[in-house]
2 protein chains.
Amino acid sequence: MTEERYLAAYDPRAYPPVAVTVDVVALTIREGALHLLLVRRAEPPYADFWALPGGFVRPVEDLDAAAGRELAEETGLGGDDLRRVHLEQLATYGTPGRDPRMRVVSVAYLAFAPDLPEPSAGTDAGEAEWLPLAALPSRRLAFDHERIVADGLERARAKLEYTPLATRFLGQEFTIAELRAVYETVWGHPLHAGNFHRKVLSVPGFVESTGATTEHGGPRGGPRARLYRAGDARLLHPALLRPATEETAR
Amino acid sequence: MTEERYLAAYDPRAYPPVAVTVDVVALTIREGALHLLLVRRAEPPYADFWALPGGFVRPVEDLDAAAGRELAEETGLGGDDLRRVHLEQLATYGTPGRDPRMRVVSVAYLAFAPDLPEPSAGTDAGEAEWLPLAALPSRRLAFDHERIVADGLERARAKLEYTPLATRFLGQEFTIAELRAVYETVWGHPLHAGNFHRKVLSVPGFVESTGATTEHGGPRGGPRARLYRAGDARLLHPALLRPATEETAR
DNA sequence: CTGAGTAGTTCTCAACCTGAGAGGAACCCC
DNA sequence: GGGGTTCCTCTCAGGTTGAGAACTACTCAG
C-alpha cells in the first residue's frame with residue numbers, strides 16, 4: 001500500500017521542507033460597501049504588494065487558532081469583539097511554486113466581521129487597511145491571493161443564502177432594513193423590501209424581536225424601525241435564495 | 001507586521017517539520033447502498049486499523065493531483081474511468097497531535113465514483129475495500145478519519161441539493177429511477193417518484209434525453225424506462241431541496 | 001397464455017412560497 | 001405644516017411542491 005510504503009520508507013525530514021500558513025479573507029461592511037482586510041508586505045517576495053493577513057502556523061497551534069490569531073493581530077481586536085466575528089475554513093491552496101521561497105501550503109479562512117474600528121490599531125506594525133472591494137480590481141495582490149479572495153466572495157454570497165451569518169456583519173441589535181442592506185451589499189443587487197421583511201420573519205430562528213425600536217427615524221425620514229437580534233438557527237430553512245443570475249453557471 | 005516578522009526572523013527549516021498529506025473520502029453506490037473506500041494500515045501508528053486512502057503530498061505535486069493519485073492507486077483506476085470520478089477538496093485537518101509521529105496537516109478530498117470493480121485491483125499491495133456505510137459505526141478508523149468521513153457525508157448530502165453530481169454515481173446513461181435511487185441512498189429517505197421525475201426534467205441542464213430506453217423492463221416488472229445522460233449544468237437552479245429534517249440544526 | 005403485481009410516466013389538485021405592487025402610518029427636514 | 005422618505009403590512013397573480021391517482025408497459029408465477 002502506497003501510504004504505508006511512504007510512511008515506512010520515507011523520512012519527511014529528509015525531504016524539502018513544507019511550510020503551512022493560514023491566510024484570512026476578512027470581510028466587513030462599512031458605509032454600505034463590502035470591505036476586505038489587507039496588509040502591506042514589507043519584505044520580498046512581493047514586497048510592497050498588498051496581501052491577505054496571514055502567517056505561519058506555529059509548531060503547536062491548531063489551524064483555526066492560527067487564523068483567529070492572525071485576524072486579532074491585524075485588527076487589534078480581542079476578547080468579546082473577536083468572539084462576535086464569524087471565522088470558518090475556506091479552502092487550502094498548495095500549488096507548487098505559489099510561493100517562490102519554498103513549498104507553502106496555505107489554509108485560507110473566511111471571516112465576517114461587524115464594522116470595526118480602523119485596523120492595525122492594536123498591532124505592532126505595518127500597514128493594514130480595510131479596502132472597499134470596488135477598489136480591488138485595480139490592485140494586484142501578492143501570491144495567489146486574488147484567487148483566494150474570489151473564492152471567499154463566492155462562498156460568502158452562498159453562505160448568506162442558507163445561514164444566518166449576515167447578522168455577523170451587524171451589531172447585536174439591528175433592524176430588518178440593516179439586514180437587508182447586508183444582503184444587497186454582498187449579493188450586489190437590490191431586494192424587494194416588503195418581501196425580504198416577510199421572508200426574514202418567517203424563517204424560524206433567523207431573528208428574534210427585542211421589543212425595542214430605534215431611537216429615531218432614519219436620517220432621511222421614515223418611521224422608527226423595530227430592533228431584532230440574531231436568533232438561534234444555524235441554518236435557514238427554507239433558505240433565502242438569491243434571485244436567479246441569468247446563466248446558471250452552465 | 002507579524003507575518004513579516006516571521007518571514008524575516010523565522011527560518012522554517014529550523015522548526016519541527018510539518019508533513020502535508022491528502023486523504024480521500026471516496027463514495028460509491030453498490031447494491032443500493034453507499035460505500036466508502038478504506039484501506040487497512042499495515043504499520044503503526046494505528047496498525048491494522050482501517051483508514052482513508054491517502055498519503056504524503058510529493059515535493060512537487062499539486063494537492064488535487066496528489067488526491068487523484070491516491071485514489072487511482074487504491075482503486076486501480078486509470079484514464080477514462082478516473083475522469084468520470086468527481087473529486088473536490090473537502091477541508092483541511094491539522095490539529096496538533098492528530099498524528100502521534102509528527103505534525104501532520106491533512107487536506108481531505110471528497111470523491112463520487114460510479115460503481116467500480118473491486119478496489120486494490122491494480123495496486124501493488126495491501127487490503128482495500130468498499131465498506132457499506134451501514135457497517136461503519138462498528139469500525140473504528142485511524143486518526144481523526146471518522147470525523148473526516150462525517151464531514152464528507154454531510155457535504156455529499158448538501159451537494160446533491162444544488163449540483164448535478166448525483167450523476168457521477170451512475171454510468172454514462174441512466175434512468176430517472178436510477179438517479180432517484182442515488183438521492184434516496186445518500187439522503188437516506190424515500191422520495192416521491194412522480195414529483196422527483198417532474199423536478200429533474202424541469203431543472204435546465206440537469207439531464208438530457210438520449211432518445212433510447214432500457215432494453216427490458218425492471219426485474220420485477222414495469223415498463224422500459226427512458227435513458228438520459230448528464231446535462232451541462234454545473235449548478236441546479238432551482239435546487240432540488242431535501243425534505244425538511246425536523247430540526248433545522250438549531 | 002393469462003392474470004397479478006410492479007414500476008415509469010403523466011396528470012390533478014390543494015397548499016405553499018415568491019415577486020411585484022400598493023397603501024397606511026411614522027418620521028425627517030425644510 | 002407639508003413634502004418626501006421609509007417601515008411595515010396587505011393583496012394578488014404566478015410558480016413550485018407534496019400527495020395521490022391514473023394509465024400503461026412490462027415481468028413473473030401459475
Side-chain angles (χ1 to χ4, degrees), chain A residues 32 160-162 170 173-184 187 189-204 206-228 236-246 248, chain B residues 32 160-162 170 173-185 187 189-204 206-229 236-246 248:
Chain A
L160 291 209
E161 290 195 86
Y162 60 94
L170 300 169
E173 302 197 341
F174 49 84
T175 67
I176 302 288
E178 287 166 347
L179 186 60
R180 175 163 48 84
V182 171
Y183 276 90
E184 291 176 334
W187 286 350
H189 35 143
L191 299 174
H192 180 114
N195 293 340
F196 182 83
H197 202 279
R198 176 182 57 190
K199 177 70 182 178
V200 167
L201 295 186
S202 77
V203 175
F206 192 177
V207 299
E208 54 190 39
S209 176
T210 66
T213 68
T214 51
E215 287 289 320
H216 311 286
R220 286 182 307 213
R224 304 179 184 185
R226 285 202 266 269
L227 287 169
Y228 296 84
L236 302 182
H237 265 277
L240 222 157
L241 300 174
R242 53 187 145 161
T245 45
E246 291 293 323
T248 305
Chain B
L160 292 208
E161 290 194 271
Y162 60 95
L170 300 170
E173 302 197 342
F174 50 84
T175 68
I176 302 287
E178 287 166 346
L179 186 61
R180 175 162 49 84
V182 171
Y183 277 89
E184 291 175 335
T185 302
W187 286 350
H189 34 130
L191 299 174
H192 179 115
N195 293 341
F196 182 85
H197 201 278
R198 175 181 59 188
K199 175 72 181 173
V200 167
L201 295 186
S202 77
V203 175
F206 192 177
V207 300
E208 53 190 41
S209 175
T210 66
T213 68
T214 52
E215 287 289 319
H216 311 286
R220 285 182 306 209
R224 303 178 184 187
R226 284 204 264 271
L227 287 168
Y228 296 83
R229 57 175 157 261
L236 303 182
H237 265 279
L240 222 159
L241 300 174
R242 53 188 145 159
T245 43
E246 290 291 327
T248 305

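Quick note on labels: first sequence line is chain A, next is B, and so on, each numbered from 1. In this text, all values refer to a predicted model and were calculated from it rather than measured experimentally.
Within the 4.5 Å cutoff, side-chain heavy atoms of F206(A) are placed close to those of L240(A). Contact of the T213(A) side chain with the L227(A) side chain is not registered, since no non-hydrogen atoms from C-beta on lie closer than 4.5 Å. Side-chain contact between S209(B) and L201(B) is absent, with no heavy-atom pair separated by less than 4.5 Å.
Close to dC26(D), at under 4.0 Å from its OP1 or OP2, lies a side-chain N or O of R224(B). For K199(B) and dT17(D), the shortest distance from a side-chain N or O to OP1 or OP2 is below 4.0 Å. Note on R226(B): every side-chain N or O is 4.0 Å or more away from OP1 and OP2 of dA25(D).
Salt bridge absent: E215(B) and R224(B) never bring a charged side-chain N and a carboxylate O closer than 4.0 Å.
Note: CG (L241(B)) to P (dT17(D)) measures 8 Å, nearest angstrom. Atom P of nucleotide dT18(C) and atom CD of E161(A) are separated by 12 Å, given to the nearest angstrom. As a whole-Å value, the separation of H197(A) NE2 from dA25(C) P is 17 Å. The CG atom of N195(B) sits 14 Å away from the P atom of dC11(C) (whole-angstrom rounding). Distance, Y228(B) OH to dG8(C) P: 12 Å, rounded to whole Å. Distance, R220(B) CZ to dG8(C) P: 10 Å, rounded to whole Å. Taking atom CZ on R242(A) and atom P on dG19(C), their separation rounds to 14 Å, with Å as the unit. With rounding to whole Å, L240(B) atom CG is found 12 Å from dT16(D) atom C1'.
Atom-to-atom distance recorded for N195(A):CG and R180(A):CZ is 10.5 Å, nearest 0.5 angstrom. Taken to the nearest 0.5 Å, the NE2 atom of H192(B) stands 14.5 Å off from the NZ atom of K199(B). Considering CD of E173(B) and CD of E178(B), their distance stands at 10.5 Å, rounded to 0.5 Å.
Comparing R198(A) and G222(A) by the nucleotide of DNA chain D that holds the closest heavy atom to each, the one mapping nearer the 5' end is G222(A). Annotation: of the two residues near DNA chain C, L201(B) and P223(A), the 5′-most nearest-nucleotide partner is L201(B).
Side-chain to base pairing of H192(B) with dG20(D): one donor and one acceptor N or O lie within less than 3.5 Å of each other.
Between T185(B) and G32(B) the shortest heavy-atom distance is OG1-O, 3.5 Å.
Using a 30° and 60° split on the angle between ring planes, W187(B) and Y183(B) fall in the perpendicular class, above 60°.
With axes fitted over five pairs at each extremity, the angle between the ends of the helix from dC1(C)-dG30(D) to dC30(C)-dG1(D) is 20° (10° resolution).
Across residues 212-219 of chain B, H216(B), G217(B), G218(B), P219(B) each have a non-hydrogen atom less than 4.0 Å from an atom of DNA chain D (numbered order).
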